Amino acid sequence: MTDLDAVLGNAGPTGLKERIAAELEAVRARSLTYTDADDDVLVRQHSPLMSPLVWDLAHVGNYEELWVLREVGGIEPLRPEIDDLYDAFKYPRKDRPSLPLLGPAEARKYISGVRGRVLDVLDLADLTDPDPLRSGGYVFGLVLQHEHQHDETMLATLQLSRRPGLVRDGALPQGRPAGDSEVHIPAGVFTMGTDTVAWAYDNERPAHRLYLPGYWIDRHPVTNAAYMEFVEDGGYRDPRWWLPQGREWAERNGVEAPLFWTRDGDTWWRVRFGREEPVPPDEPVQHVSWYEADAYARWAGKRLPTEAEWEKACGGRGYPWGDADPGPGQANLGHRAARPAPVGAYPDGASPYGVEQLIGDVWEWTDSWFQPYPGYRCFPYEEYSKVFFGETYRVLRGGSWATHPSAVRTTFRNWDYPIRRQIFAGFRCARSEE
């Protein structure tokens, strides 16, 4: 499943092992930072949509134990009695607080013991072994991305807790005037997916050629200011813009604005990690469901882009700006600040077509269902991708401000229920050529 020469590069196996060890240290520091809180915060369920934070903490260690220690290292199970507790498919999130979970101190001790053995396995690993789990350190990339994804989940949980002082903020570059609001993408064939990104998931593979007619796509994600116009124009109450199931969901749940927004007179306010503040007009809107994004697009006389249109707008490279790893001048990733950056903040991250902020800031809803690509092969287990294929989950692309750079790329596919709003999701619009 890896292009071995590409992943080893000039550094060779030793250099790659050093990089993996450093990335493992960094992601664990991140996980421990997000769980550096009172035990009550960690064991409480802040929303039935989310697990207690202490579940996520032990789960990332159990996942490492299953895949690195047992599957690759051949090591006997350390705590086989907890496997079911941390199997994401055994118990729904709403039921996890009632399980006999490891407490915060015990969870930290467990994952530390697993990590020490993981580093031993890494030290002895042959990264040139053709076995797909071992080749190029794929299994280590698997657990690294998995933990970063749970770190983003932890941030969503901390936002739902509405408790101040738990999440750091930071500085971001200023925005700039948008120029043309749309970019034209000409008709033609492009390559979708990948065969060469070393740690890509099975659902990103295989690369395949696809023809798309010409279309227009928004230069930037839809802003809070633009979304306010939809709200204030009665967009939530007008059935013309909503699919029937979306309209029913919004009415049943009393949805009248993005999650965490409230209105006081003429001012819209939001709660962001326990702090109330005016909604910044020039940031991409976030915490909207697919149904809300779809309704806005209809109101605006547009539509959501397909995931193929979104990926083509990136320009056919590892990232919109090229194949170099994301830097602070190209994208808002890795929790540099606890919010999206203003639109226009990253001109150096633009694609060859001139589309900006495709990576970072907010996950972007697309019009596509989560389906396998032609020639898809399941690897290394069905529960990562295969069991989710169908017409239940909508695809999101691009990552958010909370996504780590190692867990996103132009081919990366995220997916969720169309009602989900607690995730750091926004959108941009598209329209077909006339």
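In this text, all values refer to a predicted model and were calculated from it rather than measured experimentally.
For an aromatic pair to be called close, the ring centres must be under 6.0 Å apart, and Tyr376 with Phe389 satisfies this. Not less than 6.0 angstrom separates the ring centroid of Trp199 from the ring centroid of Phe140. Aromatic ring centroids of Trp242 and Tyr236 lie under 6.0 Å apart. Taking the six-membered ring wherever Trp is involved, the centroid distance between the rings of Tyr34 and His335 falls below 6.0 Å. Side-chain rings of Tyr393 and Phe388 approach one another, their centers coming within less than 6.0 Å. Note: Tyr63 and Tyr86 fail the aromatic proximity criterion, with ring centroids not under 6.0 Å apart.
Counting heavy atoms from C-beta outward, Asn414 and Val395 have side chains that stay 4.5 Å or more apart. Using a 4.5 Å heavy-atom cutoff, the side chains of Leu66 and Glu71 are not in contact. In this structure, the side chains of Phe412 and Val197 stay at 4.5 Å or more apart for every pair of heavy atoms.
From Ser400, atom OG reaches atom CG of Leu333 across 8.0 Å, with rounding to the nearest 0.5 Å. In this structure, Asn224 CG and Glu283 CD are separated by 6.0 Å, a value rounded to the nearest 0.5 Å. Residue Arg162 holds its CZ atom at 10.5 Å from OG of Ser47, rounded to the nearest 0.5 Å. We find the OG-CZ distance between Ser351 and Arg219 to be 9.0 Å, quoted to the nearest 0.5 Å. How far CG of Asp218 is from CZ of Arg431: 9.5 Å, rounded to the nearest 0.5 Å.
Under a 3.5 Å cut-off, the side chain of Thr35 and the backbone N or O of Ser31 do form a donor-acceptor pair. Using modelled atom types, no side-chain atom of Lys386 and backbone atom of Phe379 make a donor-acceptor pair closer than 3.5 Å. Of the possible polar contacts, one joining the His208 side chain to the Met192 backbone as a donor-acceptor pair under 3.5 Å is found. Without hydrogens or angle criteria, Gln330 side chain to Gly327 main chain gives a donor-acceptor distance under 3.5 Å. Using a distance-only test at 3.5 Å, with no hydrogens or angles considered, no donor-acceptor pair links the side chain of Arg409 to the main chain of Gly318. Remark: side-chain polar atoms of Arg270 are not paired, donor with acceptor, to backbone N or O of Pro278 under 3.5 angstrom. Gln357 places no side-chain N or O within donor-acceptor distance of the main-chain N or O of Ala331, the cut-off being under 3.5 Å. Proximity of a side-chain donor or acceptor of Asp367 to a complementary backbone N or O of Thr306 within less than 3.5 Å is not detected. Within the 3.5 Å criterion, the main-chain N or O of Gly265 finds a donor-acceptor partner in the side chain of Arg263. Between the side chain of Asp195 and the backbone N or O of Ala207 there is at least one donor-acceptor pair closer than 3.5 Å.
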Q) Could you walk me through whether Arg163 and Asp38 pass the salt bridge (Lys or Arg N to Asp or Glu O under 4.0 Å) check? A) CA-CA 12 Å; Arg163 299 199 183 193; Asp38 294 340; over 6 Å; no
Q.
Could you walk me through whether His148 and Thr403 satisfy the side chain to side chain contact (heavy atoms under 4.5 Å, CB included) test, starting with their C-alpha distance in whole Å, then the side-chain angles of each, then the deciding distance to 0.1 Å, before giving a yes or no?
A. CA-CA 7 Å; His148 276 304; Thr403 307; over 6 Å; no
**Q.** Residues Asp87, Lys90; criterion salt bridge (Lys or Arg N to Asp or Glu O under 4.0 Å); working and verdict
**A.** CA-CA 5 Å; Asp87 183 335; Lys90 283 285 184 181; 5.4 Å; no
Q) Given the rule in the side chain to side chain donor-acceptor pair (under 3.5 Å) test, do Asp361 and Tyr346 qualify, once you have shown the distances and angles that lead to the verdict? A) CA-CA 10 Å; Asp361 291 307; Tyr346 294 98; 5.6 Å; no
Q: Any chance you could lay out the salt bridge (Lys or Arg N to Asp or Glu O under 4.0 Å) test for Glu64 and Arg70, step after step, and finish with the verdict?
A: CA-CA 9 Å; Glu64 276 194 25; Arg70 301 185 199 176; over 6 Å; no
(Q) Using salt bridge (Lys or Arg N to Asp or Glu O under 4.0 Å), reason through Lys302 and Glu182 one step at a time and then give a plain yes or no. (A) CA-CA 11 Å; Lys302 300 183 182 182; Glu182 294 179 306; 3.3 Å; yes
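Side-chain contact annotation: Ser432 with Arg303, donor-acceptor N/O pair under 3.5 Å present. A donor-acceptor contact closer than 3.5 angstrom is absent between the side chains of Thr194 and Glu204. Between the side chains of His404 and Gln145, not a single donor N or O lies within less than 3.5 Å of an accepting N or O. Trp363 and Glu152 form a side-chain donor-acceptor contact under 3.5 Å, judged by distance and modelled atom types alone. Residues Thr366 and Glu307 bring no donor and acceptor atom of their side chains to less than 3.5 Å of each other. Using modelled atom types and a 3.5 Å distance limit, the side chains of Asp348 and Trp321 yield no donor-acceptor pair. Checked by atom type, the side-chain pair Thr223/Asp282 shows no donor-acceptor distance below 3.5 Å. With no hydrogens or angles considered, no side-chain donor-acceptor pair links Arg428 and His220 at under 3.5 Å. Using modelled atom types and a 3.5 Å distance limit, the side chains of Ser385 and Asp202 yield a donor-acceptor pair. No hydrogens or angles considered: nothing links the side chains of Glu292 and Trp249 as a donor-acceptor pair under 3.5 Å. The closest side-chain donor-acceptor pair between Ser289 and Arg421, if any, does not fall under 3.5 angstrom. A donor-acceptor contact under 3.5 angstrom links the side chains of Asn62 and Tyr110, judged on distance only. Glu23 and Ser406 share no side-chain donor-acceptor pair at under 3.5 Å. Judged purely by distance below 3.5 Å, without hydrogens or angles, the side chains of Trp310 and Glu364 pair a donor atom with an acceptor atom.
One finds no salt bridge joining Glu65 and Arg115 here, because no Lys/Arg side-chain nitrogen approaches an Asp/Glu carboxylate oxygen to under 4.0 Å.
By the 6.0 Å and 45° rule, Arg413 stacks over the aromatic ring of Tyr373. For the pair Arg96 and Trp55, the cation-pi test (distance below 6.0 Å, angle within 45°) is passed. Both tests pass for Arg394 against the ring of Trp290: distance under 6.0 Å to the centre and angle within 45° of the axis.
Counting heavy atoms of neighbouring residues, nucleotides and ligands inside a 6.0 Å radius, atom CD of Glu25 does not exceed 12 of them. The number of heavy-atom neighbours closer than 6.0 Å to CD of Glu81, taken from other residues, nucleotides and ligands shown, is above 12. Under a cut-off of 6.0 angstrom, the local environment of OH in Tyr417 is sparse, with at most 12 non-hydrogen atoms contributed by other residues, nucleotides or ligands.
For Ile423, the side-chain contact (heavy atoms from CB on, under 4.5 Å) partners at least two apart in sequence or on another chain are Trp365, Leu396, Asp416, Arg420, Ala425.
The shortest heavy-atom contact between Ala187 and Gly214 is CB-N, 3.4 Å.
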